[in-house]
Amino acid sequence: MNKRVVITGIGGICGLGSCAADIWAAMCDGRSAIGVLSGPSLHDITARTGCAIRNLPQHQIERKQVLSMDRFSVLAVLAAREAVQQAGLTASDKNRYRLGATVGVGVCGWEAIEQDYRSMLLHGRKRTGAFTAPKVMPGAAAGHVSMDLGLRGPVYGVTSACSSSNHAIASAVDQIRWGRADVMVAGGADAPLVWGVVKSWEAMRVLSPDTCRPFSANRQGAVLGEGAGMIVLESYDHARARGAEILAELAGAGLSADAFDIAAQTIEGPEAAIRACLADAGLVPEEVDYLNAHGTGTKPNDQIETAAIKRAFGDHAYRMSVSSTKSMHAHCLGASGALELIACVMAIRHGIVPPTANYDQPDPDCDLDVTPNVARERKVKVTLSNSFAFAGTNAVLAIKAA
């Protein structure tokens, strides 16, 4: 249970770019990819602000496999391939049963669901597509990652709304600590920019009409995006034995539940997750240099998260850097935590804190150093990444310099 777990590869795709390096460059520039959504699939949606992947890169996934994949699974495979390539890993008969995958998903395969419902209810089709059931299941992304990369160790999906990525990564860490795997490919993927999903968020009246402004007094709500982020986790001993470059250490995780409301948050739940994460990582608050906030841009979320950070960190809350990269890649639901982990790893490696973009006006209830609009050079040795979700499920990760 005391095994150190390290990160040896990262991969990502979202509106900011089709690889982790491009995503990071856009973050450092403070460049938001949020814009106007278009296309016939959105029909009568009035909330047209979002963050879409405009052009999916050529992927060479076998046609037979593509036929059984929804968009979120394709995104997961693309990000996983990049992470595994950077890690220099290849599955073989000697190791494939020691390599696994966990992928967090917030809303699963709604693209396939919607296509089938419309074809049957509006156009009289009598049955769904032959692969609809395996396309839409939340565990599909993990399964496709395992098939694409030849991973035969622990493989499963994780779903806990907006905390799905961080829960999947925390679970992957446990698999390595418990000795069930030497390597886990972990992260999250979601493709929620379809009519039914956007319509449901629109009904909640939490979507911004223009852009995402976390912690800014004039913020108007969240913005939905699509994407995937994946990392390669392995035991420190395994990584050293094969001569892998260690990008950072996944030092700990903290999980909690509010047990309060299906949509509203408490301060106590997020605070407990932060404290549990610090304890698991063997850290004290003063060691944290940068915190990537959940920071959705809704008024209650940003105020509650700020209060939780203050409670957990005390006076140090005002000395560390905080930012929300959702201001640039939007809220990618089950993929958000994994994309934000890319920011945490890169902040450590490059000594740069990515900004909270679109920040206009100070909010006295959100009075931390949220790195407004411009990236900042800072020595970063320890970062935390917050994810808080509907149903009050909270997951916080700690990342340390290698």
Side-chain angles (χ1 to χ4, degrees), residues 1-13 18-24 76-104 142 145-155 165-166 168-188 228-253 280-282 337-352 380-383 385 397-402:
M1 288 294 290
N2 294 320
K3 288 183 181 179
R4 293 173 62 192
V5 178
V6 297
I7 300 169
T8 56
I10 56 175
I13 180 170
S18 57
C19 66
D22 289 349
I23 292 169
W24 173 244
V77 167
L78 293 178
R81 282 181 175 181
E82 181 190 359
V84 167
Q85 182 177 17
Q86 183 181 25
L89 271 172
T90 303
S92 68
D93 290 340
K94 292 182 178 181
N95 69 3
R96 66 177 73 251
Y97 286 96
R98 299 292 299 169
L99 312 181
T102 56
V103 182
V145 167
S146 74
M147 289 184 284
D148 190 78
L149 299 174
L151 314 178
R152 294 185 179 176
V155 172
S165 285
N166 280 13
I169 292 167
S171 179
V173 168
D174 288 343
Q175 296 302 314
I176 295 170
R177 286 177 172 177
W178 293 334
R180 290 175 175 160
D182 297 317
V183 178
M184 293 291 292
V185 182
M230 300 294 291
I231 63 174
V232 174
L233 296 167
E234 51 188 305
S235 69
Y236 173 79
D237 292 340
H238 186 273
R240 286 297 301 271
R242 68 183 190 86
E245 180 184 9
I246 295 173
L247 305 180
E249 179 177 353
L250 203 303
D280 188 47
L339 291 168
E340 289 153 6
L341 196 65
I342 292 173
C344 291
V345 172
M346 294 297 227
I348 289 171
R349 294 185 61 78
H350 296 280
I352 298 174
V380 179
K381 289 187 175 181
V382 178
T383 69
S385 178
L397 302 176
I399 306 93
K400 292 168 56 176

- prompt: Are any non-hydrogen side-chain atoms of Leu250 and Ile399 less than 4.5 angstrom apart?
  reply: yes
query: Nearest 0.5 Å, what's the CG-CG distance between Asn166 and Leu397?
result: 4.0 Å
task: State the CD-OG1 distance between Glu245 and Thr8, to the nearest 0.5 angstrom.
output: 9.5 Å
- request: Indicate the atoms forming the closest heavy-atom contact of Gly187 with Ala338, along with that distance.
  value: CA-CB, 3.9 Å
task: Could you walk me through whether Val183 and Leu233 pass side chain to side chain contact (heavy atoms under 4.5 Å, CB included), step by step?
output: CA-CA 6 Å; Val183 178; Leu233 296 167; over 6 Å; no
- line: When rounded to the nearest 0.5 Å, the distance separating CG of Leu151 from CG of Leu89 is 9.0 Å
Shortest non-hydrogen separation from Ala83 to Gly11 and the atoms involved: CB-N, 3.7 Å
- prompt: In Å and rounded to the nearest 0.5 Å, what is the CD1 to CG distance from Ile169 to Leu341?
  reply: 5.0 Å
Nearest-0.5 Å distance that lies between atom OG1 in Thr90 and atom CG in Leu99: 9.5 Å
field: Any side-chain heavy-atom pair of Val77 and Met230 under 4.5 Å
entry: no
From CA spacing to verdict: salt bridge (charged side-chain N to carboxylate O under 4.0 Å, His left out), Lys3, Asp237: CA-CA 8 Å; Lys3 288 183 181 179; Asp237 292 340; over 6 Å; no
query: Between Arg96 and Gly150, is there a donor-acceptor pair closer than 3.5 Å when you use the side chain of the first and the backbone of the second?
result: yes
query: Would you call Val345 and Trp24 a side-chain contact if the rule is heavy atoms closer than 4.5 Å?
result: no
statement: Closest heavy-atom pair, Ala80 versus Val145, reported as atoms and distance to 0.1 Å, is CB-CG1, 3.8 Å
- line: Quick note, salt bridge (charged side-chain N to carboxylate O under 4.0 Å, His left out) partners involving residues 82-92, not counting sequence neighbours, are none
query: Minimum heavy-atom separation for Ala253 to Asp280, with atom names?
result: N-OD2, 2.9 Å
- prompt: What is the minimum heavy-atom distance between Thr102 and Ala172, and which atoms define it?
  reply: OG1-CB, 3.5 Å
Residue list, salt bridge (charged side-chain N to carboxylate O under 4.0 Å, His left out) with Arg242, at least two apart or on another chain: Glu234
- request: Run the numbers on Val6 and His238 for side chain to side chain contact (heavy atoms under 4.5 Å, CB included), then give the verdict.
  value: CA-CA 10 Å; Val6 297; His238 186 273; over 6 Å; no
query: By salt bridge (charged side-chain N to carboxylate O under 4.0 Å, His left out), which residues pair with Arg180, not counting sequence neighbours?
result: none
message: Please give me the minimum heavy-atom distance between Ala181 and Pro154, naming the atom from each residue.
response: CB-CD, 3.9 Å
field: Straight-line distance of Arg240 CZ to Arg4 CZ, nearest 0.5 Å
entry: 9.0 Å
message: Less than 4.5 Å apart, side chain to side chain, heavy atoms only: is that true for Val232 and Gln86?
response: no
4.5 Å side-chain heavy-atom contact, Asn95 and Asp182: no
- prompt: Does the side chain of Ile23 reach to within under 4.5 Å of the side chain of Met346, using non-hydrogen atoms?
  reply: no
